[in-house]
Protein chains: 2
Amino acid sequence: MKKYLEILKKVNLFKGIEESNLLSLMSCLSGKLMHYEKNQTVFMSGETINSFGIVLSGQVQIVQEDYYGNRSILANIGVGNLFAESFACAQIEMLPVSVIATTESELLFIDCRKIANPCATACSFHSQLIQNLLHITAMKNISLTQKIEFISKRTTREKLIAYLSAEAQKAGSNCFCIPFSRQELADYLSVDRSAMSAELSKLRNEGILKYKKNNFELL
Amino acid sequence: MKKYLEILKKVNLFKGIEESNLLSLMSCLSGKLMHYEKNQTVFMSGETINSFGIVLSGQVQIVQEDYYGNRSILANIGVGNLFAESFACAQIEMLPVSVIATTESELLFIDCRKIANPCATACSFHSQLIQNLLHITAMKNISLTQKIEFISKRTTREKLIAYLSAEAQKAGSNCFCIPFSRQELADYLSVDRSAMSAELSKLRNEGILKYKKNNFELL
DNA sequence: ATAAGTCTGTTGGAAATCCAACAAAAAGAG
DNA sequence: CTCTTTTTGTTGGATTTCCAACAGACTTAT
């Protein structure tokens with residue numbers, strides 16, 4: 001565990017917790033360190049989990065399979081990131097997705113119930129940990145809700161305006177940069193890239209916005 | 001507060017907590033009971049909040065206003081339900097939405113930070129409360145993620161199949177009931193109702209599924 | 001049973017998206 | 001700087017959705 005201290009320090013979940021406390025925290029939470037080979041299954045869809053994972057090295061993939069057996073990749077989780085924390089916290093009986101190690105990986109598992117319940121020694125960092133976990137899931141919640149607001153618009157134009165409007169609001173200015181390339185933005189908004197590019201040009205010609213690369217301005 | 005005990009008992013957040021403990025829990029959390037008139041603003045977009053709300057009587061609306069001033073209603077929150085808990089837990093500096101009372105209402109406010117931090121008396125129901133709050137946000141997370149999977153499909157047909165496939169999986173059978181009317185399903189999937197009805201007929205004619213009212217069967 | 005109202009299915013034309021292919025611009029490598 | 005690769009913008013035809021209007025089925029109230 002000690003060799004991964006540098007990574008643990010940077011994990012959101014442990015933000016605000018002294019480095020010197022991390023190792024004792026791990027034993028208090030009885031975190032389990034596990035090794036996985038490439039293509040090995042970490043969680044199998046259908047099983048019940050109480051622990052979520054943190055990637056300490058390598059990468060895992062969240063995979064879903066529908067009724068007809070079509071597999072789709074929902075996310076790639078890299079070093080320092082959590083996975084399956086929502087399923088574990090929600091105490092879902094049947095995991096609706098599988099988790100696969102895409103490379104040889106070192107994963108840390110923590111039982112959700114240990115976080116919610118105060119430990120015997122009532123360690124001081126425990127409440128920080130709870131706050132962090134709540135913060136992480138709440139933030140995710142907000143960004144998911146926002147994404148739904150964008151992609152539930154019916155036309156590409158409306159999706160773009162909703163998204164750019166939100167970015168402007170976030171930046172507190174009608175001038176702002178977006179963190180996506182055109183292709184990434186199209187994927188995020190669930191539209192065709194070329195059609196989106198065309199719509200952006202149209203909006204510019206109509207004098208509704210200006211842009212240059214990732215720099216946008218609403219007018 | 002006492003007159004709302006019957007409602008508090010049914011609030012998800014307090015699940016598993018003895019009725020006899022609810023009132024002392026309220027004082028431990030320093031829950032604040034407030035009265036609002038119809039159309040009164042509960043939270044104003046832009047402000048910082050640390051507390052979330054629970055509707056004890058009446059109804060509130062979550063309202064968003066975009067860059068051009070177009071207002072849209074994101075949700076109606078009725079008796080027994082929480083609102084703004086994600087924003088409060090995520091410690092967002094600027095609330096991106098407003099909350100308005102749509103009728104005369106009685107609202108209970110609870111400070112998020114009080115939940116995460118163990119109280120002085122270390123009351124036993126505190127860890128239950130934390131678990132409940134985590135459970136609520138995690139569940140919301142899962143259903144939002146699932147909804148995104150559906151509506152990010154490009155065609156009505158794909159959206160339908162993704163949704164029905166997930167319902168079948170949830171039911172553990174290829175035969176299941178859906179909790180939506182046609183119009184509600186269309187709204188949920190962000191498509192036109194009549195086009196969706198047409199697509200359903202098409203799928204039935206192609207022998208991909210059967211349905212009668214809200215009873216569906218995948219073939 | 002009748003009537004009114006709601007929900008669901010059907011259809012055709014208008015509008016928007018998707019797709020593929022290509023052109024232009026920008027970024028990166030040698 | 002030149003060449004290569006990647007990203008972005010443009011266009012036209014095929015596909016899909018949207019919209020409006022209507023008909024039939026089902027529900028509810030009287």
Side-chain angles (χ1 to χ4, degrees), chain A residues 66 68 70 72 76 147-165 167 175-219, chain B residues 66 68 70 72 76 147-165 167 175-219:
Chain A
D66 74 5
Y68 302 98
N70 307 312
S72 61
N76 287 306
K147 178 168 177 172
I148 288 178
E149 282 158 29
F150 304 149
I151 63 180
S152 59
K153 303 282 185 203
R154 299 303 175 78
T155 65
T156 301
R157 163 177 290 239
E158 281 179 306
K159 289 179 189 183
L160 278 170
I161 288 177
Y163 170 73
L164 294 172
S165 175
E167 284 291 338
C175 229
F176 52 91
C177 276
I178 65 171
F180 293 129
S181 72
R182 294 291 184 276
Q183 182 63 65
E184 289 168 333
L185 179 56
D187 289 342
Y188 178 74
L189 297 178
S190 296
V191 295
D192 179 69
R193 181 201 59 79
S194 66
M196 188 190 76
S197 261
E199 198 61 50
L200 277 173
S201 308
K202 219 167 162 186
L203 285 166
R204 175 160 57 184
N205 290 336
E206 292 175 25
I208 294 172
L209 52 78
K210 284 189 202 167
Y211 61 88
K212 193 174 185 182
K213 293 181 48 183
N214 291 7
N215 229 304
F216 284 75
E217 183 178 358
L218 293 182
L219 303 172
Chain B
D66 74 5
Y68 301 99
N70 307 313
S72 62
N76 287 305
K147 177 167 177 173
I148 287 178
E149 282 159 28
F150 304 148
I151 63 180
S152 59
K153 304 283 184 199
R154 299 304 175 79
T155 65
T156 300
R157 162 176 289 238
E158 283 179 305
K159 289 179 188 182
L160 278 170
I161 289 177
Y163 169 73
L164 294 172
S165 174
E167 284 291 337
C175 229
F176 52 91
C177 276
I178 65 170
F180 292 130
S181 72
R182 294 290 183 276
Q183 182 62 64
E184 289 168 335
L185 180 56
D187 289 343
Y188 178 74
L189 297 178
S190 295
V191 295
D192 179 71
R193 180 200 60 80
S194 66
M196 189 191 75
S197 262
E199 197 61 49
L200 277 174
S201 308
K202 219 167 161 186
L203 286 166
R204 175 161 56 183
N205 289 337
E206 292 175 25
I208 294 173
L209 52 79
K210 284 189 204 168
Y211 61 88
K212 194 175 185 182
K213 289 181 53 180
N214 290 6
N215 229 303
F216 284 75
E217 183 179 358
L218 293 182
L219 304 171

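Order of the sequence lines sets the chain letters (A, B, ...), proteins ahead of strands, with each chain counted from 1.
- Counting distance only, with no hydrogens placed and no angle test, the side-chain atoms of A:Arg193 and the base atoms of D:dG9 include a donor-acceptor pair under 3.5 Å.
- Between the P atom of C:dA16 and the NZ atom of A:Lys159 lies a distance of 14 Å, rounded to the nearest Å.
- In this structure, A:Glu184 atom CD and D:dT6 atom P are separated by 15 Å, rounded to whole Å.
- Taking side-chain N and O atoms only, A:Arg154 has a distance below 4.0 Å to OP1 or OP2 of D:dC18.
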- Passes side chain to side chain contact (heavy atoms under 4.5 Å, CB included), A:Lys202 versus A:Leu160? Steps please. CA-CA 12 Å; A:Lys202 219 167 162 186; A:Leu160 278 170; over 6 Å; no
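- The base of C:dA15 has none of its N or O atoms less than 3.5 Å from a complementary donor or acceptor on the side chain of A:Thr155.
- For the residue pair B:Tyr188/B:Glu184, the side-chain donor-acceptor check at 3.5 Å is not satisfied.
- The residue among B:Ser181 and B:Ala198 whose nearest nucleotide of DNA chain C lies closer to the 5′ end is B:Ser181.
- For the pair A:Met196 CE and D:dT7 C1', the computed distance is 11 Å after rounding to whole Å.
- For D:dG9, one of the phosphate oxygens OP1 or OP2 lies less than 4.0 angstrom from a side-chain nitrogen or oxygen of A:Arg182.
- For B:Lys213, a side-chain nitrogen or oxygen approaches OP1 or OP2 of D:dT27 to under 4.0 Å.
- Heavy atoms of A:Glu158 sit nowhere under 4.0 angstrom from any nucleic acid atom.
- Between B:Asn214 atom CG and C:dT6 atom P there is a gap of 18 Å when expressed in whole angstrom units.
- Closest to the side chain of A:Ser201, out of D:dG9, C:dT10, D:dC18, is D:dG9.
- Closest contact between the side chain of A:Thr156 and the listed nucleotides C:dT17, D:dT17, C:dG9 involves C:dT17.
- Nearest to the side-chain atoms of A:Ser194 among the listed nucleotides D:dT8, C:dT10, C:dC19 stands C:dC19.
- Note: B:Tyr211 and B:Phe216 have parallel aromatic rings, judged against thresholds of 30 and 60 degrees for the angle between ring planes.
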